[in-house]
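These numbers come from a predicted model, not from an experiment.
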Amino acid sequence: MTFSSCLINQRNAIVLDASVIINLLATGRANTILQALAVPLYVTDYVVREIEQGAVNGRPEPGLLAELINKQVLVVKELTGTALENFFGMVSGHTSSSLGDGEAATLALADRNGFSAAIDEKKATRIAAERFEMLKLVTTVDILAAPPVQELLGNEALRTAILRSLQRARMQVREHQFEWVAQLIGLEHVGQCPSLKKYAKNKKPALVVN
(Lines give C-alpha, C1' and ligand atoms only; values in the text may rest on other atoms or scores of the structure.)
Protein backbone atom coordinates (compact mmCIF):
# COMPACT_ATOMS: atom_id res chain seq x y z
CA MET A 1 0.00 0.00 0.00
CA THR A 2 1.27 3.44 -0.95
CA PHE A 3 0.84 6.25 1.57
CA SER A 4 1.02 9.91 0.60
CA SER A 5 1.09 12.73 3.12
CA CYS A 6 -1.89 15.09 3.01
CA LEU A 7 0.61 17.96 3.23
CA ILE A 8 1.50 17.93 -0.45
CA ASN A 9 1.31 21.55 -1.64
CA GLN A 10 0.31 22.69 1.85
CA ARG A 11 -0.09 26.47 2.04
CA ASN A 12 -2.34 26.96 5.04
CA ALA A 13 -0.98 27.54 8.52
CA ILE A 14 -1.04 24.57 10.90
CA VAL A 15 -2.02 24.53 14.59
CA LEU A 16 -0.19 21.79 16.51
CA ASP A 17 -1.67 19.83 19.40
CA ALA A 18 0.41 18.66 22.37
CA SER A 19 0.71 15.04 21.22
CA VAL A 20 2.07 16.08 17.82
CA ILE A 21 4.57 18.47 19.39
CA ILE A 22 5.75 15.78 21.82
CA ASN A 23 6.11 13.30 18.96
CA LEU A 24 8.20 15.75 16.95
CA LEU A 25 10.36 16.72 19.92
CA ALA A 26 11.09 13.02 20.45
CA THR A 27 12.65 12.83 16.97
CA GLY A 28 15.47 15.12 18.02
CA ARG A 29 14.92 17.03 14.75
CA ALA A 30 11.79 19.07 15.53
CA ASN A 31 13.29 22.40 14.51
CA THR A 32 14.43 21.09 11.13
CA ILE A 33 11.19 19.22 10.47
CA LEU A 34 8.91 22.14 11.29
CA GLN A 35 10.92 24.68 9.33
CA ALA A 36 10.90 22.39 6.31
CA LEU A 37 7.10 22.72 6.14
CA ALA A 38 7.54 26.41 5.22
CA VAL A 39 4.11 27.47 6.51
CA PRO A 40 3.12 29.44 9.63
CA LEU A 41 2.93 27.14 12.65
CA TYR A 42 0.87 27.92 15.73
CA VAL A 43 0.33 26.47 19.18
CA THR A 44 -2.36 27.55 21.64
CA ASP A 45 -1.55 28.78 25.13
CA TYR A 46 -3.57 25.83 26.45
CA VAL A 47 -1.21 23.38 24.76
CA VAL A 48 1.84 25.24 26.05
CA ARG A 49 0.53 24.98 29.61
CA GLU A 50 -0.30 21.31 29.12
CA ILE A 51 3.27 20.54 28.05
CA GLU A 52 4.74 22.78 30.76
CA GLN A 53 3.09 20.60 33.39
CA GLY A 54 5.61 17.93 32.44
CA ALA A 55 8.39 20.08 33.87
CA VAL A 56 7.28 19.01 37.33
CA ASN A 57 8.45 15.48 36.52
CA GLY A 58 11.68 16.65 34.96
CA ARG A 59 10.53 16.01 31.40
CA PRO A 60 12.59 17.72 28.64
CA GLU A 61 9.63 18.75 26.46
CA PRO A 62 8.83 22.08 28.18
CA GLY A 63 12.36 23.40 27.64
CA LEU A 64 12.51 22.14 24.06
CA LEU A 65 9.13 23.70 23.29
CA ALA A 66 10.28 26.99 24.79
CA GLU A 67 13.26 26.98 22.41
CA LEU A 68 10.98 26.56 19.39
CA ILE A 69 8.79 29.41 20.60
CA ASN A 70 11.77 31.68 21.32
CA LYS A 71 13.08 31.02 17.80
CA GLN A 72 9.57 31.73 16.46
CA VAL A 73 9.40 28.36 14.79
CA LEU A 74 6.11 28.08 16.69
CA VAL A 75 3.96 31.10 17.50
CA VAL A 76 1.65 31.06 20.53
CA LYS A 77 -1.96 32.10 19.89
CA GLU A 78 -4.77 32.77 22.36
CA LEU A 79 -8.42 32.00 21.70
CA THR A 80 -10.89 34.82 21.18
CA GLY A 81 -14.45 35.28 19.93
CA THR A 82 -16.11 32.26 18.31
CA ALA A 83 -12.96 30.17 18.78
CA LEU A 84 -13.32 30.60 22.54
CA GLU A 85 -17.03 29.75 22.34
CA ASN A 86 -16.29 26.57 20.39
CA PHE A 87 -13.57 25.70 22.88
CA PHE A 88 -15.99 25.83 25.82
CA GLY A 89 -18.47 23.77 23.84
CA MET A 90 -15.92 21.00 23.38
CA VAL A 91 -14.57 20.82 26.93
CA SER A 92 -18.01 20.62 28.56
CA GLY A 93 -20.55 17.83 28.53
CA HIS A 94 -20.34 14.05 28.70
CA THR A 95 -16.90 12.42 28.54
CA SER A 96 -17.70 10.66 25.27
CA SER A 97 -18.36 13.95 23.50
CA SER A 98 -15.86 16.27 25.20
CA LEU A 99 -12.13 16.88 24.81
CA GLY A 100 -9.22 18.01 26.93
CA ASP A 101 -8.29 21.68 26.91
CA GLY A 102 -5.33 21.34 24.54
CA GLU A 103 -7.17 19.32 21.91
CA ALA A 104 -10.25 21.54 22.04
CA ALA A 105 -8.19 24.71 21.78
CA THR A 106 -6.23 23.36 18.81
CA LEU A 107 -9.38 22.52 16.86
CA ALA A 108 -11.16 25.74 17.80
CA LEU A 109 -8.27 27.97 16.74
CA ALA A 110 -7.73 26.12 13.46
CA ASP A 111 -11.40 26.16 12.49
CA ARG A 112 -11.91 29.84 13.37
CA ASN A 113 -8.99 30.96 11.19
CA GLY A 114 -9.17 28.49 8.31
CA PHE A 115 -5.97 26.75 9.40
CA SER A 116 -5.19 23.02 9.44
CA ALA A 117 -5.09 21.16 12.76
CA ALA A 118 -2.31 18.68 13.56
CA ILE A 119 -3.76 16.18 15.99
CA ASP A 120 -3.39 12.41 16.40
CA GLU A 121 -6.06 11.26 18.88
CA LYS A 122 -8.91 9.34 17.28
CA LYS A 123 -11.55 10.80 19.59
CA ALA A 124 -10.50 14.33 18.72
CA THR A 125 -10.50 13.39 15.03
CA ARG A 126 -14.06 12.07 15.33
CA ILE A 127 -15.34 15.12 17.16
CA ALA A 128 -13.60 17.43 14.69
CA ALA A 129 -15.33 15.67 11.80
CA GLU A 130 -18.69 16.06 13.54
CA ARG A 131 -18.26 19.73 14.43
CA PHE A 132 -16.05 21.18 11.71
CA GLU A 133 -16.76 19.69 8.29
CA MET A 134 -14.31 21.94 6.44
CA LEU A 135 -11.40 21.57 8.87
CA LYS A 136 -8.32 19.85 7.44
CA LEU A 137 -6.75 17.43 9.91
CA VAL A 138 -3.08 16.47 9.85
CA THR A 139 -1.28 13.71 11.78
CA THR A 140 2.31 13.51 12.97
CA VAL A 141 2.99 10.92 10.27
CA ASP A 142 1.65 13.32 7.64
CA ILE A 143 4.20 15.88 8.84
CA LEU A 144 7.07 13.39 8.80
CA ALA A 145 6.02 12.12 5.38
CA ALA A 146 5.63 15.58 3.86
CA PRO A 147 7.80 15.81 0.72
CA PRO A 148 9.86 18.80 1.96
CA VAL A 149 10.64 16.95 5.21
CA GLN A 150 11.63 13.75 3.43
CA GLU A 151 13.81 15.67 0.99
CA LEU A 152 15.56 17.69 3.69
CA LEU A 153 16.20 14.81 6.11
CA GLY A 154 16.93 12.00 3.68
CA ASN A 155 15.92 8.38 4.26
CA GLU A 156 18.37 7.52 7.03
CA ALA A 157 17.69 10.58 9.19
CA LEU A 158 13.95 10.24 8.57
CA ARG A 159 14.08 6.59 9.59
CA THR A 160 15.86 7.50 12.82
CA ALA A 161 13.44 10.34 13.54
CA ILE A 162 10.36 8.16 13.09
CA LEU A 163 11.81 5.34 15.15
CA ARG A 164 12.59 7.73 18.01
CA SER A 165 9.08 9.17 17.91
CA LEU A 166 7.57 5.70 17.99
CA GLN A 167 9.76 4.42 20.82
CA ARG A 168 10.13 7.54 22.98
CA ALA A 169 6.71 9.17 22.50
CA ARG A 170 4.60 6.21 21.31
CA MET A 171 3.49 8.12 18.25
CA GLN A 172 0.13 6.93 16.97
CA VAL A 173 0.00 5.51 13.47
CA ARG A 174 -3.17 5.05 11.42
CA GLU A 175 -3.78 1.74 9.68
CA HIS A 176 -3.32 3.20 6.19
CA GLN A 177 0.05 4.62 7.31
CA PHE A 178 1.36 1.42 8.86
CA GLU A 179 3.07 -0.23 5.90
CA TRP A 180 4.90 2.96 4.91
CA VAL A 181 6.16 3.40 8.47
CA ALA A 182 7.06 -0.28 8.89
CA GLN A 183 9.02 -0.44 5.66
CA LEU A 184 10.86 2.77 6.46
CA ILE A 185 11.99 1.82 9.97
CA GLY A 186 12.59 -1.82 9.07
CA LEU A 187 10.36 -4.75 9.92
CA GLU A 188 12.79 -5.84 12.63
CA HIS A 189 11.87 -2.73 14.64
CA VAL A 190 8.08 -3.05 14.41
CA GLY A 191 7.88 -5.22 17.51
CA GLN A 192 9.75 -2.58 19.52
CA CYS A 193 7.02 0.01 18.88
CA PRO A 194 3.84 -0.44 20.96
CA SER A 195 1.63 1.57 18.61
CA LEU A 196 2.49 -0.69 15.65
CA LYS A 197 1.88 -4.12 17.15
CA LYS A 198 -1.90 -4.07 16.72
CA TYR A 199 -1.56 -3.52 12.98
CA ALA A 200 1.31 -5.94 12.48
CA LYS A 201 -0.79 -8.85 13.72
CA ASN A 202 -3.30 -8.31 10.92
CA LYS A 203 -0.81 -7.94 8.08
CA LYS A 204 0.95 -10.47 5.91
CA PRO A 205 3.27 -13.00 7.66
CA ALA A 206 6.37 -10.88 7.03
CA LEU A 207 4.92 -8.20 9.31
CA VAL A 208 3.59 -10.41 12.08
CA VAL A 209 5.05 -9.69 15.52
CA ASN A 210 5.54 -12.60 17.90
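Between I119 and E103 there is a side-chain heavy-atom pair separated by less than 4.5 Å. L16 places none of its side-chain heavy atoms less than 4.5 Å from the side chain of V47. Side-chain contact between D120 and D17 is absent, with no heavy-atom pair separated by less than 4.5 Å. Counting only heavy atoms from C-beta outward, the side chains of V76 and L74 never approach each other to under 4.5 Å. Side-chain atoms of N86 and R112, non-hydrogen and from C-beta on, never get closer than 4.5 Å to each other.
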- request: Could you walk me through whether K123 and E121 pass the salt bridge (charged side-chain N to carboxylate O under 4.0 Å, His left out) test, one step at a time?
  value: CA-CA 6 Å; K123 181 181 176 182; E121 289 78 3; over 6 Å; no
task: Evaluate side chain to side chain contact (heavy atoms under 4.5 Å, CB included) for T140 paired with L24, printing each intermediate quantity in order.
output: CA-CA 7 Å; T140 305; L24 294 177; 4.0 Å; yes
- request: Would you check, one step at a time, whether the test side chain to side chain contact (heavy atoms under 4.5 Å, CB included) holds for V190 with F178?
  value: CA-CA 10 Å; V190 170; F178 168 73; 4.2 Å; yes
- request: Please report the C-alpha distance between R174 and T125 in whole Å, then the side-chain angles of each, then the deciding distance to 0.1 Å, and finally whether the side chain to side chain contact (heavy atoms under 4.5 Å, CB included) criterion is met.
  value: CA-CA 12 Å; R174 304 292 169 80; T125 299; 3.3 Å; yes
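Panel note: side chain D111, backbone L135; no donor-acceptor pair is recorded below 3.5 Å. Between the side chain of T44 and the main chain of T106, no donor-acceptor pair closer than 3.5 Å is present. Checking side-chain atoms of R131 against main-chain N and O of L107 turns up no donor-acceptor pair under 3.5 Å.
A pairwise comparison of heavy atoms in G191 and K197 identifies O-CE, 2.9 Å as the closest pair. Closest approach of L144 and V149 over heavy atoms only: O-CG1, 3.7 Å. For the pair W180 and A145, the tightest heavy-atom approach, listed with the atom from each and the gap, is CH2-CB, 3.5 Å. Contact record, L65 with L25: N-CD1, 4.3 Å, taken as the closest heavy-atom pair. A128 and L137 get closest at one heavy-atom pair: CB-CD1, 3.9 Å. Of all non-hydrogen atoms in L163 and C193, the two that sit nearest each other are CD1-SG, 4.0 Å.
Within 6.0 Å of atom CG in N70, more than 12 heavy atoms from other residues, nucleotides or ligands are found, so the atom counts as buried in its surroundings. Within 6.0 Å of the CD atom in E133, the count of heavy atoms belonging to other residues, nucleotides or ligands does not exceed 12.
Under a hydrophobic-cluster definition in which Ile, Leu, Val, Met, Phe, Trp and Tyr are linked whenever side-chain heavy atoms come within less than 4.5 Å, directly or via other members, L37 and I69 are assigned to the same cluster. Taking hydrophobic clusters as Ile, Leu, Val, Met, Phe, Trp and Tyr residues chained together by side-chain heavy-atom distances below 4.5 Å, I185 shares a cluster with L158. Transitive grouping of hydrophobic side chains (ILVMFWY, heavy atoms separated by less than 4.5 Å) keeps I143 and I8 in distinct clusters. Side-chain heavy atoms closer than 4.5 Å link hydrophobic residues (I, L, V, M, F, W, Y) into clusters, and following such links, even through other members, never connects Y42 to L68. V15 and L34 fall into different hydrophobic clusters, where Ile, Leu, Val, Met, Phe, Trp and Tyr residues are linked whenever their side-chain heavy atoms come under 4.5 Å apart, directly or through other members.
Ion pairing of E156 with R159 is present here, as a side-chain N (NZ or NE/NH1/NH2) and a carboxylate O approach within less than 4.0 Å.
Residue M171 holds its CE atom at 4.0 Å from CG of L166, rounded to the nearest 0.5 Å.
Of the N and O atoms on the side chains of N12 and S116, not one donor lies less than 3.5 Å from an acceptor on the other residue.
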